[in-house]
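Computed over heavy atoms, backbone and side chain alike; hydrogens, waters and symmetry mates excluded. Proteins get letters first, then strands, A, B, ... in listed order; numbering begins at 1 in each.
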Protein chains: 2
Amino acid sequence: MPPSAPASRSTATFQRPGHDHRRCIDGALAAAEERCRRRGAKLTELRRRVLELVWQGHEPVGAYALLDALRAEGRAAAPPTVYRALDFLLSHGLIHRLEKANAFIGCPRPDDPHAGQFLMCLECGTVIEMDDAALGAAVAASAAKHGFAVSRQMLEVEGHCPSCARGAAGG
Amino acid sequence: MPPSAPASRSTATFQRPGHDHRRCIDGALAAAEERCRRRGAKLTELRRRVLELVWQGHEPVGAYALLDALRAEGRAAAPPTVYRALDFLLSHGLIHRLEKANAFIGCPRPDDPHAGQFLMCLECGTVIEMDDAALGAAVAASAAKHGFAVSRQMLEVEGHCPSCARGAAGG
DNA sequence: TCATCAAATGTTATGATATAACGTTTTCAA
DNA sequence: TTGAAAACGTTATATCATAACATTTGATGA
Ligand SMILES: [Zn+2]
Ligand SMILES: [Zn+2]
Ligand SMILES: [Zn+2]
Ligand SMILES: [Zn+2]
């Protein structure tokens with residue numbers, strides 16, 4: 001099969017409401033298949049379906065919303081069903097957990113090494129992931145001033161996305 | 001009364017296990033009294049006690065741990081008791097909520113405007129708050145590249161503090 | 001003083017998120 | 001084909017947080 005050239009996979013920019021989200025989903029699923037194949041990890045039907053559900057939009061999705069969606073499809077599902085799938089996806093970098101929201105969002109660039117840096121719009125709920133290596137380095141440098149060795153960093157920024165900022169200046 | 005010169009109140013640096021933590025507590029309580037007085041907010045006995053309990057160390061404290069502590073003192077207390085006190089302390093900038101830990105920690109510098117920037121040691125649990133204005137500005141600048149207007153930022157960095165890094169290099 | 005109102009706190013119940021523990025099915029290779 | 005590991009099903013429970021309403025407290029003004 002052709003490598004399905006993911007030339008313009010979701011860039012870390014705010015998507016317009018009218019964008020072709022099917023491409024986001026298909027790109028994420030293809031990237032996940034590929035990544036799991038390379039890592040010898042099993043992207044089972046259930047895990048794949050949960051990933052697809054997480055990608056239902058660019059807003060974070062809660063575990064129990066996923067649970068409801070699975071049940072609506074007629075699957076036998078309980079909290080561990082979805083949490084185990086989420087743990088798998090997290091462990092392979094396919095999704096991220098947004099701590100403030102207690103919810104999950106698909107990672108648009110699982111293969112690029114990156115810190116978690118998220119912009120969350122208070123108005124429309126859209127979340128995008130920045131991948132600003134310089135910013136990650138700045139965080140590590142600040143931490144180093146305190147003699148702190150960084151293992152993981154999580155940045156969650158609340159505010160207004162370009163579309164919503166137009167209407168509500170000053171937030 | 002003398003202004004009790006808080007000359008060397010908790011700097012944003014890792015405290016040694018042997019530091020005089022009573023000074024951290026007393027300084028935080030005095031700063032809270034002063035801040036509430038200026039703002040016309042009532043730091044009641046309960047709220048003051050909860051703040052003191054949050055300051056029991058430099059580790060984040062969960063709401064139910066506070067609840068247990070209040071009950072151990074013979075107070076009538078239920079979850080709303082402690083959550084309401086925490087909401088008050090949060091709203092006046094006297095404590096911060098650590099999203100990843102679902103727990104709370106005292107703010108060593110409530111009067112300085114600052115973004116939430118926390119270093120959390122995976123080994124000993126100690127958390128310190130950086131107040132790196134340049135880093136906050138760097139975050140805002142990165143967000144601005146995406147047309148995003150920042151309202152609030154929360155940075156939670158996991159790793160190893162100086163004391164613990166010595167033992168577990170590379171951790 | 002005492003009526004009155006708002007803020008603070010007490011009390012009960014429930015919602016929302018997450019995991020422990022154990023049994024069954026599937027997978028895969030020896 | 002059979003044994004072990006992984007994945008999944010199932011039940012129960014732990015953990016974090018808030019809704020709703022009653023009671024107490026403390027300030028204000030008649
Ligand atoms: Zn999309
Ligand atoms: Zn990512
Ligand atoms: Zn201290
Ligand atoms: Zn602070």
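- You cannot call B/Tyr64 stacked on the base of D/dT15; the centres under 5.5 Å and planes under 30° rule is not satisfied.
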What verdict does the salt bridge (charged side-chain N to carboxylate O under 4.0 Å, His left out) test give for B/Glu156 and A/Arg152, after you've listed the backbone C-alpha separation in whole Å, the side-chain angles of each residue and the deciding distance to 0.1 Å?
CA-CA 8 Å; B/Glu156 299 186 3; A/Arg152 195 175 306 184; over 6 Å; no
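- Side-chain proximity of B/Tyr83 to D/dT10, C/dA18, D/dC16: nearest is D/dC16.
- Rounding to whole angstrom units, CG of residue B/Leu86 and P of D/dT18 are separated by 10 Å.
- One can place CG of A/Leu67 at 12 Å from P of C/dA18, the figure rounded to the nearest angstrom.
- Rounded to an integer number of Å, the gap from CZ of A/Arg75 to P of D/dG9 is 8 Å.
- Atom NZ of B/Lys42 is separated from atom P of C/dA6 by 13 Å (rounded to the nearest Å).
- With respect to B/Asp87 and B/Arg97, no salt bridge is recorded, no charged nitrogen being found less than 4.0 Å from a carboxylate O.
- Note on A/Thr44: a side-chain N or O is less than 4.0 Å away from OP1 or OP2 of D/dC8.
- For the 3.5 Å distance criterion, the side chains of A/Arg39 and A/His92 qualify, holding a donor opposite an acceptor.
- Put simply, CZ on B/Arg48 is 17 Å from P on C/dA8, counting in whole angstrom units.
- Under the 6.0 Å cut-off for aromatic ring centres, A/His96 and A/Phe104 do not qualify, their centroids lying 6.0 Å or more apart.
- Regarding contacts with the backbone of C/dT9, a side-chain N or O of B/Arg47 is found under 4.0 angstrom from either OP1 or OP2.
- The main-chain N or O of B/Glu129 is never found under 3.5 Å from a side-chain atom of B/Gln117 such that the two would form a donor-acceptor pair.
- Checking the phosphate oxygens (OP1, OP2) of C/dT9, no side-chain nitrogen or oxygen of B/Arg84 falls inside 4.0 Å.
- The distance from atom CG of B/Asn102 to atom C1' of C/dA18 is 10 Å, rounded to the nearest whole Å.
- Rounded to whole angstrom, the span from the CG atom of B/Leu43 across to the P atom of C/dA7 amounts to 18 Å.
- Each of B/Ala78 and A/Leu46 lies near DNA chain D, and the nucleotide nearest A/Leu46 is the one positioned closer to the 5' end.
- Taking side-chain N and O atoms only, B/Arg97 has a distance below 4.0 Å to OP1 or OP2 of D/dA17.
- Residue B/Leu66 contributes atom CG, which lies 15 Å from atom P of C/dT9 at whole-angstrom precision.
- Nearest-nucleotide mapping onto DNA chain C: of A/Pro79 and B/Pro80, the residue sitting toward the 5' end is B/Pro80.
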